[in-house]
Amino acid sequence: MENIYILAIESSCDDTSAAVMCGDVVLSNVTASQAVHEQYGGVVPELASRAHEQNIVPVVDAALKRAGIAKEQLSAIAFTRGPGLMGSLLVGVSFAKGLAASLGIPMVEVNHLQGHIMAHFIKEEGAEHHSPEFPFLCLMVSGGNSQIVKVNSYKDMEIIGQTIDDAAGEAMDKCAKVMGLGYPGGPIIDRLAREGNPKAYTFSKPHIPGYDYSFSGLKTSFLYTLRKLVAEEENYVENHKEDLAASFEATVVDILMGKLYKASKALGIKRIALSGGVSANTALRQAFHDYAKRYGWEIFIPKFGFTTDNAAMIGIVGYYKFLDNDFCAMDQPAFSRTVL
Ligand code: KG4
């Protein structure tokens with residue numbers, strides 16, 4: 001069979017990304033991030049759409065050049081159809097449609113969350129690869145989602161539990177914000193926490209039935225603790241930021257792992273994967289290794305480059321769908337909200 005080359009495009013939030021896949025092997029994965037949002041402490045949708053407009057052509061061009069592939073060699077174009085910010089999605093979706101129409105090649109639509117989970121199947125040239133067998137459980141933790149997903153096949157995924165309020169990444173970002181740290185807060189909390197004591201403070205944990213998560217109570221508990229301490233000592237946060245970050249992070253990790261363990265035990269599945277932006281977190285990665293040792297889990301942790309939003313994860317789903325002749329019509333609109 002001839003090589004299948006797929007160009008993948010991801011523009012659901014604040015990263016403009018393009019990747020070229022040869023089958024399930026990634027040839028290039030180019031991402032332009034948007035620093036413009038830092039000063040606002042969060043993603044500003046209109047600014048994100050404008051930056052995507054500026055970035056999309058150079059990013060796709062760079063991905064093709066790095067892969068050494070001419071656009072005429074492409075077999076199909078895969079793109080993130082949703083969920084995400086509508087204005088951001090529209091840039092990638094419209095670009096994909098225009099390019100596919102001009103080249104006369106099919107399009108494959110990809111669900112962003114499915115992409116995060118399927119990132120475990122991306123192969124790299126010359127690198128050893130180890131992907132999970134089906135079925136497996138995936139903890140999908142990002143700025144917008146916190147879910148436990150039972151993955152039966154690349155297209156059959158069941159949400160076992162999910163957050164009823166904030167996502168884990170959102171909680172990290174808000175914790176950093178109330179401490180007056182920068183944005184995105186997750187990586188800053190991670191860095192500070194490595195120098196701090198995770199047992200220095202105790203914050204309240206949710207009591208939610210089943211496998212669902214909640215992080216809003218923890219956020220409030222953190223805020224009240226901080227207010228009380230700052231009232232007693234003005235520079236308290238500055239003087240204790242490492243311990244505060246480490247204790248907050250440890251509570252988030254405990255909550256995430258507790259439900260994951262419960263789901264693994266009830267479903268009898270010990271193949272456990274981690275996905276999404278928060279999977280870059282050091283303490284969460286360590287917890288995965290600890291649980292693997294203690295409970296005999298076979299764990300799958302993505303490479304850093306495939307944790308945050310990137311187009312290779314869209315390309316891998318695009319490839320599997322291509323093999324199934326699962327193409328998308330020109331009239332399919334972007335969607336902002338969905339479940340898997
Ligand atoms: O998946 P992602 O790149 O974007 C979407 O949500 O779509 O995830 C971003 C989230 C942010 O909340 C960010 O603070 C968090 O992932 N994050 C981290 C770390 N790196 C990114 N959280 C904790 N520790 C990290 N090292």
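Counting starts at 1 for both ligands and their atoms, in listed order.
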What residue and heavy atom of the protein are closest to [atom], and at what distance?
atom: atom 11 (C) of ligand 1; value: D173 OD2, 3.6 Å
atom: atom 18 (C) of ligand 1; value: G186 CA, 3.7 Å
atom: atom 17 (N) of ligand 1; value: G277 O, 3.7 Å
atom: atom 10 (C) of ligand 1; value: G143 N, 3.4 Å
atom: atom 15 (C) of ligand 1; value: V278 CG2, 3.9 Å
atom: atom 7 (O) of ligand 1; value: D309 OD2, 3.4 Å
atom: atom 26 (N) of ligand 1; value: D190 OD2, 2.8 Å

Counting from 1, what ligand 1 atoms have a heavy atom of [X] closer than 4.0 Å?
X: G144; answer: 6 (O)
X: H116; answer: 1 (O)
X: G169; answer: 12 (O)
X: A280; answer: 20 (N), 26 (N)

State whether [X] and [Y] are salt-bridged, where the test is any N-O pair (Lys NZ or Arg NE/NH1/NH2 against Asp/Glu carboxylate O) under 4.0 Å.
X: K155; Y: D326; answer: no
X: E242; Y: R194; answer: no
X: D61; Y: K65; answer: yes

At under 4.0 Å between heavy atoms, is it the side chain or the backbone of [X] that contacts ligand 1, or both, or neither?
X: S142; result: both
X: E249; result: neither
X: T308; result: both
X: N281; result: both

Looking only at side chains, do D24 and H129 share a donor and an acceptor under 3.5 Å apart?
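Side chains of D24 and H129: no pair found under 3.5 Å.
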Any I189 side-chain heavy atom under 4.5 Å of C175 side chain
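When only atoms from C-beta onward are counted, C175 and I189 do touch, with a gap below 4.5 Å.
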Does an N or O from G185, backbone or side chain, lie closer than 3.5 Å to an N or O of ligand 1?
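In fact, backbone or side chain, G185 has no N or O that close.
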Heteroatom proximity flag, C13 to ligand 1, N/O under 3.5 Å
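So ligand 1 has no N or O lying under 3.5 Å from an N or O of C13.
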If you measure from OG on S146 to OH on Y213, what distance do you get to the nearest 0.5 Å?
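Between atom OG of S146 and atom OH of Y213 there are 7.5 Å.
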From CG (N310) to CG (N29), nearest 0.5 Å:
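Reported value, rounded in 0.5 Å steps: 4.5 Å.
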Looking at F288, is R294 sitting on its ring face, NZ or CZ under 6.0 Å from the six-membered ring centre and within 45 degrees of the normal?
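No, R294 does not lie over the aromatic ring of F288.
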Could you walk me through whether Y183 and Y40 satisfy the ring pair (Phe, Tyr, Trp, His ring centres under 6.0 Å) test, starting with their C-alpha distance in whole Å, then the side-chain angles of each, then the deciding distance to 0.1 Å, before giving a yes or no?
CA-CA 8 Å; Y183 176 86; Y40 301 102; over 10 Å; no
Indicate the atoms forming the closest heavy-atom contact of G277 with T308, along with that distance.
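What the structure gives for the nearest pair is CA-CG2, 4.1 Å.
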Pick one: which of F300, F134, Y319 meets ring-ring contact (aromatic ring centres under 6.0 Å, His included) with F121?
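Of the listed residues F300, F134, Y319, the ring-ring contact (aromatic ring centres under 6.0 Å, His included) partner of F121 is F134.
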